Protein chains: 2
Amino acid sequence: MAFEEQRSVQAPPALRAIVSTVIFTLKAGQLQVCLSARHSPASLPETAVSASQSLEDAAKEQIFQLTGHADAYLQQLYTFDMDAHSGNTLTVAWFALIAADKLATAEHADANWVDVLDMPQLSPRHSDIISYALQRLRYKIEYSAVAFELLPEAFTLRELQDAYMIILNDFRLDKANFRKKIREAQILEEIDQYRETRGRPARLYRFRDDAQLETKARRFFP
Amino acid sequence: MAFEEQRSVQAPPALRAIVSTVIFTLKAGQLQVCLSARHSPASLPETAVSASQSLEDAAKEQIFQLTGHADAYLQQLYTFDMDAHSGNTLTVAWFALIAADKLATAEHADANWVDVLDMPQLSPRHSDIISYALQRLRYKIEYSAVAFELLPEAFTLRELQDAYMIILNDFRLDKANFRKKIREAQILEEIDQYRETRGRPARLYRFRDDAQLETKARRFFP
DNA sequence: ACAAAAGTGTTGGGACTACACCCATGT
DNA sequence: ACATGGGTGTAGTCCCAACACTTTTGT
C-alpha cells in the first residue's frame with residue numbers, strides 16, 4: 001500500500017478502538033441517559049472493538065448488555081480522537097433510542113439512568129459526546145419521526161407532544177398546531193382504545209408501518 | 001480497564017484505521033471530486049492513520065498532499081466498517097471544500113479531479129462514501145453558508161447562485177428570490193469592484209467576517 | 001355545576017413563488 | 001438600437017402561530 005509506514009523491526013504501536021453508545025430513554029418526565037454503573041466515577045459504557053466484529057454489532061451488544069434489548073434505534077454519531085490521555089485510542093460514538101416500557105427493570109443493574117439535564121460529573125470527553133448526541137437528537141426529531149422510538153406502541157397525542165417538549169426542553173408547543181401537523185404528516189393511525197385521564201379520555205394512536213420516517217428537507221438557506 | 005480483552009500469549013490482530021477525504025471543488029461549471037491518480041483503478045485517497053497523529057491532522061495532511069493547501073474546510077463524515085474484504089480496517093471518512101482558485105495547478109499531479117455526476121467506476125465502498133458526502137454537502141448548504149468555501153474571496157451573486165445550483169443539480173432557483181434571501185441573511189458585504197460581463201457589470205461581494213455561518217434551524221416536523 | 005383535559009376552527013400576519021419590470025454595458 | 005446579463009418590486013398564495021372555542025369525562 002502506498003501510504004503504509006516503514007517502521008523498524010518492532011511492530012508499530014497498535015491502534016485501539018472503543019465503542020461508546022449514548023442510550024436515551026424517556027422516563028419520569030425526563031430524557032434520561034444510560035451510564036455504566038460498573039465504573040466510578042460515572043461514565044458512558046465503553047467496549048473494546050474486536051477485530052472480528054463490526055462496529056454496529058459491538059454497539060448492539062453494548063446496548064443489549066445494558067438494557068436487555070437489542071432492537072433499539074441506533075445511529076452512528078462521530079469518531080473521536082486521542083485527547084491528552086488516551087493516546088492512540090479511537091472512540092466511535094453512537095446514539096440509541098429505546099422506549100422505557102421495553103427496559104427490563106430488576107436485572108441489568110449495570111445500567112444507571114440519569115436525567116440528561118442533571119448529569120453527574122463526567123470526563124470532558126464523555127460530556128462532549130453526550131452533548132453532541134443530545135444536539136443531534138434534537139435536530140433529528142425536527143425533520144424525522146424518531147420520537148416514536150421513545151414511546152410505547154400505543155400512545156396519546158398528548159404523550160407524543162410531551163416527548164417533543166421534553167427532548168427539546170421547550171414547553172411552548174401549541175397543542176392545536178401540533179396536532180394539525182401530526183395529522184398532516186399521515187404517520188399515525190387511530191386505535192379503538194382510550195387512555196383514562198382526569199378529564200375526557202384520550203384516543204390512542206400507533207405509528208403507521210408504512211409511514212415515511214424522514215420528511216423531505218425544506219430549504220431555508222438561502 | 002474493565003473491557004480489556006484477555007487473549008492468549010499471541011497479540012490480538014491489530015486494528016488498522018485509514019483516513020479518506022472527499023475533497024470537493026467547483027471547476028468548469030461542475031462539482032468535482034479529487035481522486036488519487038496513484039492508483040488504478042481510480043480511488044479515493046487513503047492514508048493509514050499512525051498512532052501518534054490525530055485523525056484530523058491525517059486528513060489535513062492528505063488534503064495538503066493532493067492540493068497544496070492545508071486550510072480547506074474540513075468535516076468528519078462517518079466511520080465505515082469492515083466489508084467483505086477489508087477485514088479489520090476502519091475507514092474514517094471526511095469531506096473537504098476548497099476553492100478552485102487556491103489549487104496549485106502544475107504540481108500535485110497525484111490529484112485527478114472528476115465531475116461528481118460523471119465518476120469513473122470505483123469500489124462500492126468508495127462510491128458509497130462519495131454519495132454520502134454529496135448528500136451531506138447538499139444538506140449542509142441548505143442551512144449554512146458553506147458554499148462560500150467553494151468560491152474565491154470576491155464573487156458575484158450570480159456566481160454564488162450558480163454554485164448552489166450546481167451543487168444541488170437543480171437549476172430552477174429564482175434569481176430575485178435568491179438575492180432577497182441572501183440579502184436578508186446579512187452574510188455578505190459589497191466590494192467596490194465589478195466583474196466584467198457581456199452585459200452590465202456585476203457587483204462583487206465578499207463574505208462577512210462576522211457572519212453567522214449556521215442559520216438557526218427552523219422546525220418543520222412536527 | 002364545575003374542573004380537567006381532549007380535541008377543533010378561525011383569523012391575521014408573515015414568508016415564499018412567480019413574474020414582470022428596470023438598469024448598465026458592449027456591439 | 002438591441003442583445004445580454006445584472007438587479008429590483010409586487011401581487012397572490014400558502015403556511016403558520018395564536019387563541020378562542022367545543023366536547024367528554026369524573027366528582
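Predicted, not measured: the structure shown is a model, and the values here were computed from it. First the proteins, then the strands, lettered A, B, ... as listed; each starts at 1.
Nearest nucleotide to the B:R200 side chain, out of D:dC19, D:dG7, C:dA18: D:dG7. Side-chain proximity of A:R158 to D:dT24, D:dG6, C:dA6: nearest is C:dA6.
For the OP1/OP2 pair of D:dT8 and a distance below 4.0 Å, the side-chain nitrogens and oxygens of B:R183 include at least one atom meeting the criterion. An OP1 or OP2 oxygen of D:dG26 is reached within less than 4.0 angstrom by no side-chain nitrogen or oxygen of A:R198. Applying the 4.0 Å criterion to OP1 and OP2 of C:dC16, one finds that B:K181 has a side-chain N or O inside that range. B:R179 has a side-chain polar atom (N or O) that falls below the 4.0 Å cut-off from OP1 or OP2 of D:dG7.
Nucleic acid contact class of B:R195 (heavy atoms, under 4.0 Å, all strands): none. Contacts of A:A176 with the nucleic acid, taken as non-hydrogen atoms under 4.0 Å apart, include base atoms.
Taking atom CD of A:Q161 as the reference point, atom P of D:dA17 lies 13 Å away to the nearest angstrom. A straight line from CZ of A:F178 to P of D:dC16 spans 14 Å, rounded to a whole angstrom. As a whole-Å value, the separation of A:E190 CD from C:dA6 P is 16 Å. Summarising the geometry, the separation between CG on B:N177 and P on D:dT13 is reported as 16 Å, rounded to the nearest angstrom. Taking atom CZ of residue A:F155 and atom P of nucleotide C:dA6, one finds them 15 Å apart after rounding to whole Å. Atom pair A:D174:CG and C:dT10:P shows a separation of 16 Å (rounding to whole Å applied). To the nearest angstrom, C1' of C:dA5 lies 16 Å from CZ of A:R203. Distance, B:K175 NZ to C:dT17 P: 17 Å, rounded to whole Å.
No donor-acceptor pair closer than 3.5 Å links the side chain of B:R206 to the backbone N or O of B:E189. Of the possible polar contacts, none joining the B:S36 side chain to the B:S43 backbone as a donor-acceptor pair under 3.5 Å is found. At least one donor-acceptor pair closer than 3.5 Å links the side chain of A:H69 to the backbone N or O of A:K102.
With DNA chain C read from its 5' end, the first of the two nearest nucleotides for A:Y194 and A:K180 is the one closest to A:Y194. Toward the 5' end of DNA chain D, the nearer of the two residues A:E196 and A:R172, judged by each one's closest nucleotide, is A:R172.
Considering CZ of A:F178 and CG of A:L157, their distance stands at 7.0 Å, rounded to 0.5 Å.
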Pair B:R138-B:E142, salt bridge (charged side-chain N to carboxylate O under 4.0 Å, His left out): steps then yes or no: CA-CA 7 Å; B:R138 285 179 173 163; B:E142 307 218 342; over 6 Å; no
